[in-house]
Protein chains: 2
Amino acid sequence: MTADPIQSDDILTAEDLVFHALAHRARRRMLDLLKMAPGMTVQGLASHFEFSRVATIKHIARLEEAGLLVSKKHGRSRLLYFNVMPIQSIYDRWTDEYSSFWSGRIADLQQRVEARAAARENKHA
Amino acid sequence: MTADPIQSDDILTAEDLVFHALAHRARRRMLDLLKMAPGMTVQGLASHFEFSRVATIKHIARLEEAGLLVSKKHGRSRLLYFNVMPIQSIYDRWTDEYSSFWSGRIADLQQRVEARAAARENKHA
DNA sequence: CTAACAAGTAACCTTTCGGTTACCAATGAC
DNA sequence: GTCATTGGTAACCGAAAGGTTACTTGTTAG
């Protein structure tokens, strides 16, 4: 590896970036927080963790590279938003590849999601 | 953190193990290979990669800790099998947590999975 | 029995990860 | 204008990840 003169194909694919970004518990938690409260600032997000603001910024960068987080400058603040699109792409790939293991499961899934949606409707009414 | 006398909760959850195991491209590829050809040996699996057999063994260990791979000794060989269960758990958690982002998508997903299953049926007939 | 073969372990090395502190730049409040 | 506040960068550090080679163990073949 160190003595290999030929450049190996270690280019990072989109899937690599997404899985890598999701590999850290704090980053998954960040997505949860941003999903619940879109438009948080960097400091607002950092306040939920024990590590420093700078560490938070680095995690944000990882999430942004993977496309899981988008941000918008607003004055001196930066507003953060969760973006589900890359996760949906991963879902598509894996449900295709592993479809033979999913027989009869997607229906349950749909039921749960619909039940959730209904519960939300009731709450709002 | 270094000066913190209180033990932080850095215990590894099942979700941590699964996401961590999936974070490496080669390990995801291994699951693909085992899904296509269940019961491969360690060497058979290692032959699909450029790195060494020992590196393969370490990857197998990571996958096994996460429950994504199970193995069965058979003589001097070790037969490897993919186990989808942990992934299904992750799916359940994420589809619950992110259900509000999934409106109208699960139906498409089910269609694709069913179409795949039908295609497989035809092939076998 | 002996030789080959599959799997696993040990020790080591380099790179990446995840964090820190210290400093810098831009913006908003007053 | 001054100064606090928000965000970002640089340099550094320890731990973990991911790989290697060398050696060991167990099992089948002949």
Side-chain angles (χ1 to χ4, degrees), chain A residues 1-13 16-30 34 39-66 69-81, chain B residues 1-13 16-30 34 39-66 69-81:
Chain A
M1 182 190 180
T2 46
D4 191 2
I6 308 235
Q7 171 70 7
S8 64
D9 55 330
D10 50 2
I11 49 166
L12 274 273
T13 68
D16 289 328
L17 291 174
V18 173
F19 274 109
H20 212 152
L22 293 176
H24 199 287
R25 189 194 308 183
R27 289 194 287 265
R28 294 195 302 275
R29 178 107 186 91
M30 285 179 184
L34 289 177
M40 296 181 73
T41 65
V42 172
Q43 288 210 127
L45 185 59
S47 69
H48 289 82
F49 298 93
E50 294 187 338
F51 46 70
S52 76
R53 181 183 56 85
V54 178
T56 303
I57 290 178
K58 291 190 182 180
H59 284 308
I60 290 173
R62 295 300 279 290
L63 290 168
E64 204 159 21
E65 286 164 16
L69 182 152
V70 292
S71 63
K72 180 167 58 174
K73 276 278 287 294
H74 186 73
R76 66 181 160 186
S77 294
R78 188 171 153 215
L79 306 184
L80 308 173
Y81 301 90
Chain B
M1 183 191 181
T2 46
D4 190 4
I6 308 232
Q7 170 69 5
S8 63
D9 55 331
D10 51 1
I11 49 167
L12 275 273
T13 69
D16 289 328
L17 291 173
V18 173
F19 274 110
H20 212 149
L22 294 176
H24 199 287
R25 189 194 309 183
R27 288 194 289 264
R28 294 195 301 277
R29 177 108 187 91
M30 286 180 183
L34 289 177
M40 297 181 73
T41 65
V42 171
Q43 287 208 128
L45 184 59
S47 70
H48 289 82
F49 297 93
E50 293 186 338
F51 46 71
S52 75
R53 182 183 55 85
V54 178
T56 302
I57 291 178
K58 292 190 181 181
H59 284 308
I60 290 173
R62 295 299 280 287
L63 290 168
E64 204 159 21
E65 288 165 15
L69 183 153
V70 292
S71 64
K72 181 167 58 174
K73 277 279 287 293
H74 186 72
R76 66 182 162 185
S77 294
R78 187 172 155 215
L79 306 184
L80 307 173
Y81 301 90

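Keep in mind the model is a prediction, meaning the values are calculated, not measured.
- Listed nucleotides dA6(C), dG19(C), dG8(C) differ in distance to Q43(B); the shortest reach to its side chain belongs to dA6(C).
- Side-chain atoms of T56(B) come within 3.5 Å of backbone atoms of S52(B) as a donor-acceptor pair (strictly under, hydrogens ignored).
- As rounded to whole Å, 12 Å separates atom C1' of dA6(C) from atom CZ of R78(B).
- Atom CG of D16(A) is separated from atom C1' of dG18(D) by 15 Å (rounded to the nearest Å).
- The distance between atom CD of E64(A) and atom P of dG8(D), rounded to the nearest whole Å, is 9 Å.
- Evaluation of atom-type donor-acceptor distances gives a pair under 3.5 Å for the side chain of R53(B) against the base of dG8(C).
- F51(A) and H59(A) have their aromatic ring centers within a separation under 6.0 angstrom.
- In this structure, CD1 of I57(B) is placed 17 Å from P of dC23(D), rounded to the nearest angstrom.
- For the pair K58(A) and K73(B), both in contact range of DNA chain C, the more 5′-proximal nearest nucleotide belongs to K73(B).
- Put simply, CZ on F51(A) is 14 Å from P on dT21(C), counting in whole angstrom units.
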**Study point:** Derivation of the side-chain contact (heavy atoms from CB on, under 4.5 Å) call for T41(B) and R76(B)
**Key:** CA-CA 10 Å; T41(B) 65; R76(B) 66 182 162 185; over 6 Å; no
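- Straight-line distance from the CZ atom of R62(B) to the P atom of dA16(D): 11 Å, rounded to whole Å.
- In the set dA7(C), dA10(C), dT9(D), the nucleotide with an atom closest to the side chain of V54(A) is dT9(D).
- OP1 or OP2 of dT20(D) lies within a sub-4.0 Å distance of a side-chain N or O belonging to S52(B).
- Rounded to whole Å, the distance from CG on L22(B) to C1' on dA17(D) is 16 Å.
- For R76(A) against dT6(D), no side-chain N or O and base N or O form a donor-acceptor pair under 3.5 Å.
- For the pair F19(B) CZ and dA17(D) C1', the computed distance is 19 Å after rounding to whole Å.
- Using a 4.5 Å cut-off on side-chain heavy atoms (C-beta onward), L63(A) and H24(A) make no contact.
- Between H74(A) and dT27(C), a side-chain N or O to OP1/OP2 separation shorter than 4.0 Å is absent.
- For dG19(D), one of the phosphate oxygens OP1 or OP2 lies less than 4.0 angstrom from a side-chain nitrogen or oxygen of H59(B).
- Of the possible polar contacts, none joining the R27(A) side chain to the L22(A) backbone as a donor-acceptor pair under 3.5 Å is found.
- Across dG7(D), dG19(C), dG8(C), the shortest atom-to-atom separation from the side chain of V42(B) is found for dG8(C).
- Each of R27(A) and L79(B) has a nearest nucleotide on DNA chain C; the 5'-most of these lies closest to L79(B).
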